[in-house]
K.L.:
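Let me begin by handing over the structure; questions about it come next.
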Amino acid sequence: NIFERKSEAKYAYQPKVQLEGIEPRDSVWGLNYPRQYQSYQKTQDTTFHSMFGTSGHKDMLESDPELVILWAGYGFSKDYNAPKGHFWAVDDINKTLRTGAPMAPGEGPMPSTCWTCKSTDVPRLMSEIGVSEFYSHKWSDFGSQVINPIGCADCHNPETMKLTITRPALIEAFEAMGKDINQASHQEMRSLVCAQCHVEYYFDKKKPGLENAQYLTFPWKDGMDVENVEKYYDEAQFSDWTHPLSKTPMLKAQHPDYEIYQMGVHAKRGVSCADCHMPYQTEGGQKFTNHHIGSPLANVENSCFVCHREKVEDLVTDVYERQRKIKEGTTKLQRLIAMAHIETAKAIELGANETQLAAIQQGIRHAQWRWDYSVASHGAAFHAPLETSRIVTSATDLIQETRIEITRLLASLGYTQPVPMPDFSSKETLQAYIGLDIPKEKSAKQTFLDQVVPQWLKEGKARESQKSIKTISSN
Amino acid sequence: NIFERKSEAKYAYQPKVQLEGIEPRDSVWGLNYPRQYQSYQKTQDTTFHSMFGTSGHKDMLESDPELVILWAGYGFSKDYNAPKGHFWAVDDINKTLRTGAPMAPGEGPMPSTCWTCKSTDVPRLMSEIGVSEFYSHKWSDFGSQVINPIGCADCHNPETMKLTITRPALIEAFEAMGKDINQASHQEMRSLVCAQCHVEYYFDKKKPGLENAQYLTFPWKDGMDVENVEKYYDEAQFSDWTHPLSKTPMLKAQHPDYEIYQMGVHAKRGVSCADCHMPYQTEGGQKFTNHHIGSPLANVENSCFVCHREKVEDLVTDVYERQRKIKEGTTKLQRLIAMAHIETAKAIELGANETQLAAIQQGIRHAQWRWDYSVASHGAAFHAPLETSRIVTSATDLIQETRIEITRLLASLGYTQPVPMPDFSSKETLQAYIGLDIPKEKSAKQTFLDQVVPQWLKEGKARESQKSIKTISSN
Amino acid sequence: MQPQYITWTHSSHREVASCNDCHVPHNNIANKYFFKAKDGLYHATVFTMRAEPQVIRARQPSIEVIQANCVRCHQDQVTDAKMDAFVADHTANRTDRTCWECHRDVPHGRVRSLSSVGAQIEPIKEYSSSDLSVIPGWLKETMKSQKSKPN
Ligand SMILES: [Ca+2]
Ligand SMILES: [Ca+2]
């Protein structure tokens with residue numbers, strides 16, 4: 001009856017353990033907050049599928065092979081997948097070919113900064129060795145330090161359970177914009193905890209006094225929209241890599257989820273990430289936040305229904321329609337950019353000089369940046385459909401204008417035919433085309449996963465077992 | 001309080017006149033329905049301005065001079081303005097240079113079909129002489145017949161005041177789609193009355209048995225979206241005119257307001273045109289339909305507020321943001337299409353042959369069709385922002401792909417430079433560039449307006465004065 | 001149903017209409033009590049059986065009841081006595097579309113879930129800890145020290 005339920009509520013948050021310092025293990029927090037813990041554990045579920053999204057494995061290079069050409073010469077051309085749940089963050093970064101197969105500390109292609117958004121051990125480690133020190137190592141140096149995936153300690157203050165910002169990059173980005181993140185309202189915090197990671201970033205290697213650090217930085221100083229960030233990188237003369245085909249200094253856009261979401265009507269109306277991805281839920285009279293973060297389409301009744309009184313299928317098709325219309329544009333666009341790289345390579349082969357190429361490479365750099373910005377945020381097509389579409393339009397115009405330039409250049413070099421293209425329908429063909437030996441990479445990775453990772457885990461567990469857990473006698 | 005309001009209502013009404021047959025004069029209906037009449041009269045107000053829209057005069061060729069190139073060889077390159085209120089429909093069609101200066105019946109460029117969406121005299125005339133006969137004259141033949149602008153008789157059944165469809169084209173379009181417009185719900189009728197006119201159309205000159213008619217037709221048989229209508233016209237091998245520069249068989253898109261609105265979320269949620277453009281209003285405790293049809297931004301409180309409890313400025317900026325983002329794409333796009341026409345002219349001048357031009361002209365035809373479709377509906381950018389943006393993206397890709405073709409073609413003809421362009425910033429320069437003598441057209445029009453139109457009006461009034469008005473003795 | 005209660009108490013209707021004014025038929029006494037009993041019983045069962053969904057939605061029968069009640073009170077505002085005389089379907093045109101399709105906030109507002117109102121988890125600044133900083137102490141320290149002496 002109703003009274004039972006009242007009393008139930010009272011006992012809901014009987015603390016069982018005393019959380020001390022930065023506790024990276026969710027299982028410990030879970031003793032105090034079973035509902036949140038149990039729902040968060042569900043992020044390991046990989047069974048949900050929507051039209052374009054999935055909580056499981058999806059090889060993006062398989063579904064959109066052109067990406068191999070766009071990212072030639074860069075790690076992403078080896079391996080890139082759609083996101084899975086938070087539970088998999090550490091597992092996936094160990095498994096991706098992008099991190100290579102470092103058999104010993106100090107080896108491998110990636111810096112320690114890569115760990116930043118993958119684990120609750122990161123705030124712990126930062127607090128122990130300092131932020132800039134954390135950014136100044138190899139990824140392989142911290143293998144035994146970072147073993148817990150994203151969890152409670154990333155978003156919560158253990159004493160008060162208040163939402164908290166544990167990643168310096170976001171705080172510094174606010175400072176760069178002349179804002180104080182401590183002034184953020186509670187509703188804003190319900191999005192800002194996500195903005196610690198779901199944002200475009202780059203590694204600043206020129207930080208005064210920190211030359212050997214790869215300092216995680218969000219390029220927001222002059223604004224968060226795609227044009228201003230583009231300007232920011234141009235002025236800093238920054239590039240992530242140089243493209244082997246078109247010799248273009250390229251930019252990589254990574255998941256600007258927060259930035260694009262802010263351009264949508266939901267953000268304008270004050271709807272937060274958590275409102276949709278972590279809706280409140282009530283169990284036996286006890287209200288709590290559902291921590292099974294994933295596609296809201298898996299949970300329309302608790303997510304969208306709170307504000308929309310439509311049929312489930314109408315809300316689902318709302319999302320699909322927007323995604324389909326955006327996808328139509330980006331699919332065409334990525335093919336055009338791939339062709340531009342190959343056409344430019346042809347011009348270079350025919351002896352085009354730097355001055356002839358300058359404008360063309362600028363065009364490719366900007367077009368691919370904008371394309372990447374619009375697709376790297378897997379939610380963008382729904383978060384802000386029109387802004388995403390606007391970006392796609394501008395990139396389409398840009399790359400085609402550039403291809404007109406290339407066509408003129410080729411003609412002036414005596415070549416007036418369409419440039420022959422590889423088979424864009426096969427990931428393997430294209431990876432071979434750009435000279436990757438994937439089988440070799442894969443077997444090296446396998447050895448790494450068999451021999452190194454288990455060792456990392458063993459050492460990590462041993463370290464954790466030192467840390468005692470203070471239990472509280474309940475009364 | 002509401003009980004006072006109740007009694008107020010009781011006294012309100014006494015019918016004044018008996019409406020007989022099709023009464024084209026709003027002033028007569030107004031005797032029975034003062035509130036609706038008085039509010040509808042406000043459509044003559046020309047003072048309201050929003051960021052892109054206006055209830056007054058706005059010369060589109062002045063604000064976007066490229067249009068002169070896009071429509072070269074077609075009436076729209078002489079004169080095209082943003083819409084004003086319904087009150088001005090007859091006045092504006094008399095004044096536009098597109099209708100020329102027919103000094104006698106049977107003269108002039110335009111068919112009688114042009115009157116179809118401008119006046120309440122149209123249903124009257126159609127009922128008197130028959131539909132196909134109405135479509136089989138010159139515009140100048142009916143000058144003295146058509147003198148009342150759009151009004152009550154276009155949307156209302158005089159006996160029952162029910163919303164009604166008075167234009168055969170809409171009924172026939174439904175039949176072509178295999179639908180029966182009589183099955184339309186009341187809520188659908190609140191949009192369908194508008195769909196009589198606010199739709200894309202063409203004149204069918206090949207109707208079996210009606211060869212000398214220019215039969216008003218809505219191209220919906222295979223679907224209302226931009227791609228299906230494009231296919232429809234291609235299969236019918238229809239073109240509105242042939243472009244003098246690129247020699248392309250062109251299509252003109254006119255105001256597909258209804259079609260594009262249907263692709264938006266408001267339509268999906270069952271919001272009708274009238275909900276926003278004719279919101280209810282309360283006077284003396286009575287709700288009535290505000291007939292001052294115009295920009296809802298002139299009346300956000302009644303239009304948007306019931307459904308959206310947001311600040312006025314937020315709702316207004318919602319609209320502006322969407323319009324600005326779409327405008328960014330269409331502005332760029334129209335310039336590119338204009339260039340394509342001129343570049344193609346160059347290729348023709350250099351001796352390009354038909355087989356070389358076929359694909360290029362196809363590209364220009366489709367790209368301009370899509371561009372026109374997205375801008376000819378002045379409300380599209382808000383009615384369905386994403387669909388409109390999607391169309392702009394596809395047109396941008398199309399025209400640029402075509403310009404790459406042209407560039408190759410020019411090169412193969414030995415021309416590898418950018419083609420010189422006229423000054424796109426001046427309407428006058430461009431009208432001269434395509435060989436128009438506007439001053440001449442204008443003075444001819446002035447004579448027409450001074451001598452012919454007053455005559456038309458005089459004869460019309462005389463005719464109307466024959467018709468008696470049955471008043472009802474009030475009791 | 002707490003959210004419905006709370007939203008109603010904040011609505012323009014609190015003073016003028018109670019739950020039953022909208023949710024129980026008022027066409028005739030018998031019907032009124034029959035529906036109420038049936039309804040109340042149903043709710044009570046669902047409630048005690050813990051089947052209470054996160055977001056309650058009106059079922060068709062009660063949608064019709066509500067609509068009828070809106071009209072009952074507002075008849076004379078939404079329909080025009082004079083129009084009725086000869087504007088065919090005037091009353092239907094004004095009353096066949098659910099009122100809250102437009103009046104989306106009457107009376108429960110637009111955000112309705114068991115958790116959306118009432119015992120808010122959201123801390124009210126006044127009552128929350130004086131330290132409003134969202135940056136943990138350790139991070140403030142490391143970042144400060146870093147600014148003072150890079151490396
Ligand atoms: Ca980046
Ligand atoms: Ca047309």
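Residue numbering restarts at 1 for every chain, and letters A, B, ... go by the order of the sequence lines.
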K.L.:
So, taking the atom named OG in S394(B) and the one named CD in E328(A), what distance separates them when rounded to the nearest 0.5 Å?
P.N.:
6.5 Å
K.L.:
Name, in order of residue number, those residues of residues 355-370 of chain A that have a heavy atom at a distance of less than 4.5 Å from a heavy atom in chain B; otherwise write 'none'.
P.N.:
none
K.L.:
Can you check side chain to side chain contact (heavy atoms under 4.5 Å, CB included) on R269(A) and D318(B), steps first, answer last?
P.N.:
CA-CA 11 Å; R269(A) 299 283 197 266; D318(B) 283 342; 2.8 Å; yes
K.L.:
Atom CG of D397(B) and atom CZ of R335(A): how far apart are they, to the nearest 0.5 Å?
P.N.:
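It is 12.0 Å, given to the nearest 0.5 Å.
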K.L.:
Nearest 0.5 angstrom please: L386(A) CG to R390(B) CZ, how far?
P.N.:
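Here the rounded value is 13.5 Å.
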K.L.:
Quick one: are E321(A) and V265(B) in side-chain contact, heavy atoms under 4.5 Å?
P.N.:
no
K.L.:
Starting at CZ of R403(A), measure out to CD of Q400(B) and round the result to the nearest 0.5 Å.
P.N.:
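The CZ atom of R403(A) sits 10.0 Å away from the CD atom of Q400(B).
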K.L.:
What part of E387(A) gets within 4.5 angstrom of chain B, counting heavy atoms only: side chain, backbone, both, or neither?
P.N.:
both
K.L.:
Would you tell me whether T317(B) and K268(A) have side-chain atoms, one donor and one acceptor, within less than 3.5 Å of each other?
P.N.:
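The answer is yes; a qualifying pair exists.
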K.L.:
Is it the side chain or the backbone of I406(A) that comes within 4.5 Å of chain B heavy atoms, both, or neither?
P.N.:
neither
K.L.:
With rounding to the nearest 0.5 angstrom, report the OG1 to CD distance, T407(A) to E405(B).
P.N.:
9.0 Å
K.L.:
Look only at the side chain of K325(A) and the backbone of S389(B), and say whether a donor-acceptor pair between them is shorter than 3.5 Å.
P.N.:
no
K.L.:
Below 4.5 Å, heavy-atom pairs only: which of V392(A), I404(A), L409(A) has the largest tally toward chain B?
P.N.:
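The residue among V392(A), I404(A), L409(A) with the greatest pair count is I404(A).
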K.L.:
What are the two closest heavy atoms between T416(A) and R408(B), and how far apart are they?
P.N.:
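Closest heavy-atom pair between T416(A) and R408(B): O-CD, 3.3 Å.
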